[in-house]
Amino acid sequence: MCQDCGCSITDHQHSLHSNPQLNDTKTLSVIHKILDKNDHEAQHNRAHFETNNVMAFNLMSSPGSGKTTLLEYLPTHLMAKFAVIEGDLETSRDADRLIAKGISAYQIQTGSACHLDAFMVHQALHHIDLKPIDVCFVENVGNLVCPASYDVGTHKNIVLLSVPEGDDKIEKYPVMFRRADLVLITKMDLAEYFDFSLTECEQQLKKLNPDVTLLPISVKDPQSLNQVADWINSAIGAQ
């Protein structure tokens with residue numbers, strides 16, 4: 001369990017009981033109360049998005065996988081107008097980068113918490129004007145573990161995995177990838193310099209999440225970003 005925020009609660013009872021620090025009745029009760037309160041607030045956030053006809057996406061990945069860079073490049077490819085809620089432990093650097101590109105963004109500084117939760121996102125929504133936008137991206141704190149356990153009130157989960165991280169991460173962090181609706185393999189322009197197998201990623205994903213969409217992308221390849229925009233547009237159309 002995270003010492004600061006009580007995360008890594010996961011979606012499986014087995015995980016709770018296999019951890020000796022989490023297997024007493026009192027601890028389990030507290031954990032379920034935390035998740036229940038968060039889930040209730042997440043439903044409220046979703047209803048707020050839907051009232052304003054906004055589709056929301058939770059972007060999750062390790063630090064440096066390219067979440068902010070992807071958002072910087074998307075306006076050229078995605079016709080839908082979007083805003084971004086940014087999550088980091090400290091600084092407003094990512095929000096500042098997006099604002100410099102003309103993208104509406106609001107920064108959440110979590111302090112020691114290694115993920116966003118629904119209450120943080122709710123507070124941020126007071127600072128985002130949803131009326132002129134079609135899409136809201138929640139860029140979660142860089143972490144392949146904790147963000148997967150908390151519903152923040154979005155409609156879809158997008159997970160990024162960069163080539164330099166290696167092709168073994170999907171099976172190592174199954175909760176994150178099991179909950180993904182779209183997985184983006186980023187920095188594909190670097191693939192020739194790393195021992196990275198896209199086929200291996202596809203096989204691991206198929207075992208965990210047979211219905212997920214996998215797209216290899218690079219910000220240097222406009223066509224690959226068009227595919228991301230097409231997937232987002234399809235999700236909006238199916239809402």
Side-chain angles (χ1 to χ4, degrees), residues 2 4-9 34-75 78 80-160 176 179-182 232 235-236 239:
C2 173
D4 295 306
C5 59
C7 54
S8 298
I9 294 169
I34 291 171
L35 286 178
D36 287 346
K37 288 181 179 180
N38 181 81
D39 289 348
H40 184 268
E41 190 73 1
Q43 291 284 18
H44 176 73
N45 291 346
R46 239 183 316 275
H48 188 60
F49 284 127
E50 290 164 5
T51 298
N52 288 274
N53 296 313
V54 171
M55 184 84 174
F57 298 88
N58 190 2
L59 267 62
M60 297 178 284
S61 78
S62 296
S65 294
K67 297 187 297 298
T68 309
T69 301
L70 172 66
L71 293 172
E72 286 178 312
Y73 277 81
L74 263 185
L78 183 64
K81 291 191 65 176
F82 67 86
V84 181
I85 295 172
E86 282 285 348
D88 280 303
L89 270 68
E90 297 291 346
T91 82
S92 62
R93 291 178 182 173
D94 285 354
D96 292 343
R97 282 173 56 183
L98 296 175
I99 291 169
K101 296 283 187 179
I103 300 168
S104 177
Y106 180 79
Q107 183 76 50
I108 300 172
Q109 296 180 16
T110 66
S112 59
C114 50
H115 64 275
L116 295 178
D117 63 28
F119 293 94
M120 296 178 194
V121 171
H122 175 78
Q123 290 178 347
L125 287 175
H126 290 294
H127 301 272
I128 295 285
D129 185 4
L130 297 179
K131 292 180 181 178
I133 67 171
D134 308 296
V135 170
C136 183
F137 291 104
V138 177
E139 183 179 339
N140 222 306
V141 178
N143 186 341
L144 277 178
V145 181
C146 314
S149 296
Y150 282 78
D151 182 358
V152 295
T154 51
H155 299 98
K156 298 285 185 181
N157 294 326
I158 300 175
V159 178
L160 284 66
M176 176 66 74
R179 292 192 170 181
D181 298 289
L182 172 66
I232 292 171
I236 296 170
Q239 188 181 20

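All residue numbers in this chain count up from 1 along the given sequence. From a predicted model like this one, the values you see are computed outputs, not experimental measurements.
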Checklist entry - For the residue pair G87 and Q107, what are the closest heavy atoms and their distance? => result C-NE2, 3.9 Å
Item to check | L59 CG to I85 CD1 distance, which is reported to the nearest 0.5 Å | outcome: 12.0 Å
Item to check | Check: N45 and V152 side chains under 4.5 Å, non-hydrogen atoms | outcome: no
Next on the checklist: Does atom NE2 (H40) have a neighbourhood of more than 12 heavy atoms from anything else shown, all under 6.0 Å?
Outcome noted: no
Item to check | Minimal non-hydrogen separation, C136 against V54, with atom names | outcome: N-CG1, 3.6 Å
Item to check | Least distance between heavy atoms, L35 atom then S149 atom | outcome: CD2-O, 3.8 Å
Next on the checklist: Can you confirm whether K131 sits close enough to N52 that some side-chain heavy atom of one is under 4.5 Å from a side-chain heavy atom of the other?
Outcome noted: yes
Checklist entry - Side-chain contact, heavy-atom cut-off 4.5 Å: T68 with E139? => result yes
Next on the checklist: Give me the atom names and distance for the closest heavy-atom approach of A83 to I133.
Outcome noted: CB-CD1, 3.8 Å
Next on the checklist: Can you tell me how far apart OG (S92) and CD1 (I99) are? Round to the nearest 0.5 Å.
Outcome noted: 7.5 Å
Checklist entry - Short question: side chain of D94, backbone of E86 - any donor-acceptor pair under 3.5 Å? => result no
Checklist entry - Considering all heavy atoms of both residues, which atom of A42 and which atom of A118 are nearest to each other, and what is their separation? => result N-CB, 3.5 Å
Checklist entry - If you round to the nearest 0.5 Å, how far is NZ of K101 from CG of L74? => result 12.5 Å
Checklist entry - Roughly how far apart are M60 CE and T154 OG1, rounded to 0.5 Å? => result 7.0 Å
Checklist entry - Sequence neighbours excluded, which residues qualify as ring-ring contact (aromatic ring centres under 6.0 Å, His included) partners of F82? => result F137
Item to check | Distance in Å, L160 CG paired with L70 CG, rounded so as to fall on 0.5 Å steps | outcome: 6.0 Å
Checklist entry - Taking the six-membered ring for Trp, are H126 and H122 parallel (under 30°), tilted (30 to 60°) or perpendicular (over 60°)? => result perpendicular
Next on the checklist: Donor-acceptor pair, distance only, cut-off 3.5 Å: does the side chain of N140 make one with the backbone of H115?
Outcome noted: no
Checklist entry - D88 side chain to E90 main-chain N or O, any donor-acceptor pair under 3.5 Å? => result no
Checklist entry - Between M176 and N143, is any pair of side-chain heavy atoms under 4.5 Å apart? => result no
Next on the checklist: I need the minimum non-hydrogen distance between K81 and P132, along with the two atoms involved.
Outcome noted: CD-O, 3.6 Å
Checklist entry - Is there a donor-acceptor pair under 3.5 Å between the side chain of N38 and the backbone N or O of D151? => result yes
Checklist entry - Once you round to the nearest 0.5 Å, how far does OH of Y106 lie from CD1 of I128? => result 9.0 Å
Next on the checklist: Could you walk me through whether Y150 and L116 satisfy the side chain to side chain contact (heavy atoms under 4.5 Å, CB included) test, starting with their C-alpha distance in whole Å, then the side-chain angles of each, then the deciding distance to 0.1 Å, before giving a yes or no?
Outcome noted: CA-CA 8 Å; Y150 282 78; L116 295 178; over 6 Å; no
Checklist entry - Where the side chain of N157 meets the backbone of D181, is there a donor-acceptor pair that is under 3.5 Å apart? => result no
